[in-house]
Novice: 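Quick one: this structure, given as structure tokens, is what I'll be asking you about.
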Amino acid sequence: MHRKVRRKSSASGAVSFNMTPMIDCVFQLIIFFVLTSQFIQLQIEQVTLPLSFAAKPKDVSEYLNVVINLVDEDDPKCMVLGQQVDYRVIEGDNELSRLLKDRKQDAGEGKPLNVILRADALIPYEAVASVMLAAGRAEIEGWWITTEIKDMDEVLKD
Amino acid sequence: MPKVRMPKQPAKIQLPMTPMIDIIFQLLIFFLLMPNQQAGEGYLTTNLPRTSGPVAGKEQKDVKRVKIELQVPENDDKGVVIVLNESQTFGRNFEGLLAALQGLQERGLPPDHPVLISPWMSCRHKWVVRAFDMAVAARFTNIHFAVPYI
């Protein structure tokens with residue numbers, strides 16, 4: 001007698017993808033890339049910002065920005081895009097003004113270039129003035145000073 | 001002989017751990033990174049000093065303006081002494097400066113009257129920002145910073 005061999009089928013049920021971890025991972029990747037791209041764009045250094053009650057929060061992503069960090073109150077250093085840049089005042093262009101001119105040229109006519117200064121609260125004004133001169137030499141129009149927003153009472157107590 | 005039906009074993013309850021761990025990681029990343037992004041930062045927008053054009057590098061003595069000089073005391077290199085219009089001295093009293101600036105406006109000075117903040121080169125950045133704050137609080141809109149001549 002011919003015996004019927006029953007074959008076990010491996011594809012008996014419908015194949016279903018588990019979507020939950022996939023969506024979770026996609027969300028994580030989106031959050032990661034959104035945040036890292038903003039950090040890369042800003043290139044901020046750790047500084048103790050001066051307090052201000054008149055400063056306003058702004059959406060920096062609306063502009064084409066160059067963030068200039070002034071760190072180390074004892075020996076001020078100018079950091080742009082994670083690199084130390086020479087900003088000392090000389091006759092003619094210094095490294096910072098050349099960098100700003102290049103960025104302005106790359107930006108083209110359509111979108112104005114904005115300089116965001118992030119200077120430590122205890123940086124001497126000489127360093128800030130030198131950066132101002134370099135930005136002025138590169139004919140930068142937008143000049144923003146980054147501060148930490150506090151109430152007037154808190155600012156006056158500092 | 002009657003068939004005895006064995007009681008069914010209760011089904012094992014399994015919690016799906018994967019989505020839970022994923023969500024916890026997402027929340028962790030969010031709360032670690034967001035404080036750095038916000039941090040209560042704001043911006044003061046101002047005019048850059050002219051380093052090109054006909055007035056570049058020239059002292060503008062003929063322009064009538066409110067001048068806030070920020071000096072550094074000899075015995076305290078992190079301190080400040082405020083001098084308004086080369087006549088009134090306020091020490092470190094920024095509230096006094098604010099009252100004086102408001103007084104100038106009450107006496108008819110328009111809000112767009114130029115205000116020059118002229119810090120000594122060794123003056124700390126936070127005092128410059130504080131002087132700027134006071135000028136803004138007194139509703140002045142045309143605020144400039146002095147820079148050295150080259």
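Both backbone and side-chain heavy atoms feed into the values below; hydrogens, waters and symmetry mates do not. Convention: sequence-line order gives letters A, B, ...; per-chain numbering from 1.
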Novice: Mind checking ring-ring contact (aromatic ring centres under 6.0 Å, His included) for Phe94(B) and listing every partner two or more places apart, or none if nothing turns up?
Specialist: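 With sequence neighbours excluded, Phe94(B) shows a ring-ring contact (aromatic ring centres under 6.0 Å, His included) to Trp127(B), given in chain and number order.
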Novice: Taking all heavy atoms of Ala55(A) and all of Gly42(B), pick out the closest pair and write down the distance.
Specialist: CB-C, 3.8 Å
Novice: Between Thr18(B), Val129(B), Ile21(B), who has the most heavy-atom pairs with chain A when the cutoff is under 4.5 Å?
Specialist: Val129(B)
Novice: Considering only heavy atoms and a distance below 4.5 Å, find which of Ile123(A), Val115(A), Asp120(A) pairs most often with chain B.
Specialist: Ile123(A)
Novice: Taking atom CD of Glu41(B) and atom CG of Leu49(A), what is their separation to the nearest 0.5 Å?
Specialist: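 So the gap between those two atoms works out to 5.0 Å.
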Novice: For Leu122(A), which atoms come within 4.5 Å of any heavy atom of chain B: side chain, backbone, both, or neither?
Specialist: both
Novice: Would a single hydrophobic cluster contain both Val80(A) and Tyr87(A), if residues Ile, Leu, Val, Met, Phe, Trp and Tyr are joined by side-chain heavy-atom contacts under 4.5 Å?
Specialist: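 Looking at the clustering, Val80(A) is in the same group as Tyr87(A).
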Novice: Does any pair with a residue in residues 92-118 of chain B pass side chain to side chain donor-acceptor pair (under 3.5 Å), and if so which ones, sequence neighbours excluded?
Specialist: Asp76(B)-Arg92(B)
Novice: Using side-chain heavy atoms (C-beta onward) and a distance below 4.5 Å, is Val128(A) in contact with Val128(B)?
Specialist: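 A side-chain contact under 4.5 Å is absent here.
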Novice: Test of understanding: clusters of I, L, V, M, F, W, Y form through side-chain heavy atoms closer than 4.5 Å, transitively. Do Val83(B) and Leu101(B) belong to the same one?
Specialist: no
Novice: Looking at CZ of Phe25(B) and CD of Gln28(A), how far apart are the two atoms once the value is rounded to the nearest 0.5 Å?
Specialist: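 If we round to the nearest 0.5 Å, Phe25(B):CZ and Gln28(A):CD are 7.5 Å apart.
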Novice: Got His125(B) and Ile145(A) here, is their nearest side-chain heavy-atom distance under 4.5 Å?
Specialist: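 Yes, side chains in contact.
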Novice: Is it true that Val115(B) and Trp120(B) fall in one hydrophobic cluster, defined by side-chain heavy atoms closer than 4.5 Å?
Specialist: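 In one cluster: no.
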Novice: Can you tell me which portion of Leu117(A) sits under 4.5 Å from chain B's heavy atoms? Options are side chain, backbone, both or neither.
Specialist: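 It is the side chain, since no backbone atom gets that close.
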Novice: Hey, does Ile117(B) have a side-chain heavy atom less than 4.5 Å from the side chain of Tyr125(A)?
Specialist: no
Novice: Under a 4.5 Å side-chain heavy-atom rule over Ile, Leu, Val, Met, Phe, Trp and Tyr, are Ile143(B) and Val155(A) clustered together?
Specialist: yes
Novice: Minimum heavy-atom separation for Ala54(A) and Val136(B), please, with both atom names.
Specialist: CB-CG1, 3.7 Å
Novice: In Å, rounded to the nearest 0.5 Å, how long is the span from NZ of Lys126(B) to CD of Glu73(A)?
Specialist: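 Going from NZ on Lys126(B) over to CD on Glu73(A), the span is 10.0 Å.
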Novice: Is there a chain of hydrophobic side chains (I, L, V, M, F, W, Y, each step under 4.5 Å between heavy atoms) that links Leu116(B) to Leu44(B)?
Specialist: no
Novice: Would a 4.5 Å heavy-atom cut-off, applied to side chains only, mark Thr147(A) and Arg130(B) as touching?
Specialist: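 When only atoms from C-beta onward are counted, Arg130(B) and Thr147(A) do not touch, as no gap falls below 4.5 Å.
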Novice: After noting the C-alpha distance and the side-chain angles of Met152(A) and Leu98(B), does the key distance pass the side-chain contact (heavy atoms from CB on, under 4.5 Å) rule?
Specialist: CA-CA 12 Å; Met152(A) 191 176 183; Leu98(B) 175 60; 3.2 Å; yes
Novice: Need one label for Leu28(B): side chain, backbone, both or neither, based on atoms under 4.5 Å from any heavy atom in chain A.
Specialist: neither
Novice: Would you name the heavy atoms of Met121(B) and Pro124(A) that are closest together and state the gap between them?
Specialist: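 Closest approach of Met121(B) to Pro124(A): O-CB, 3.7 Å.
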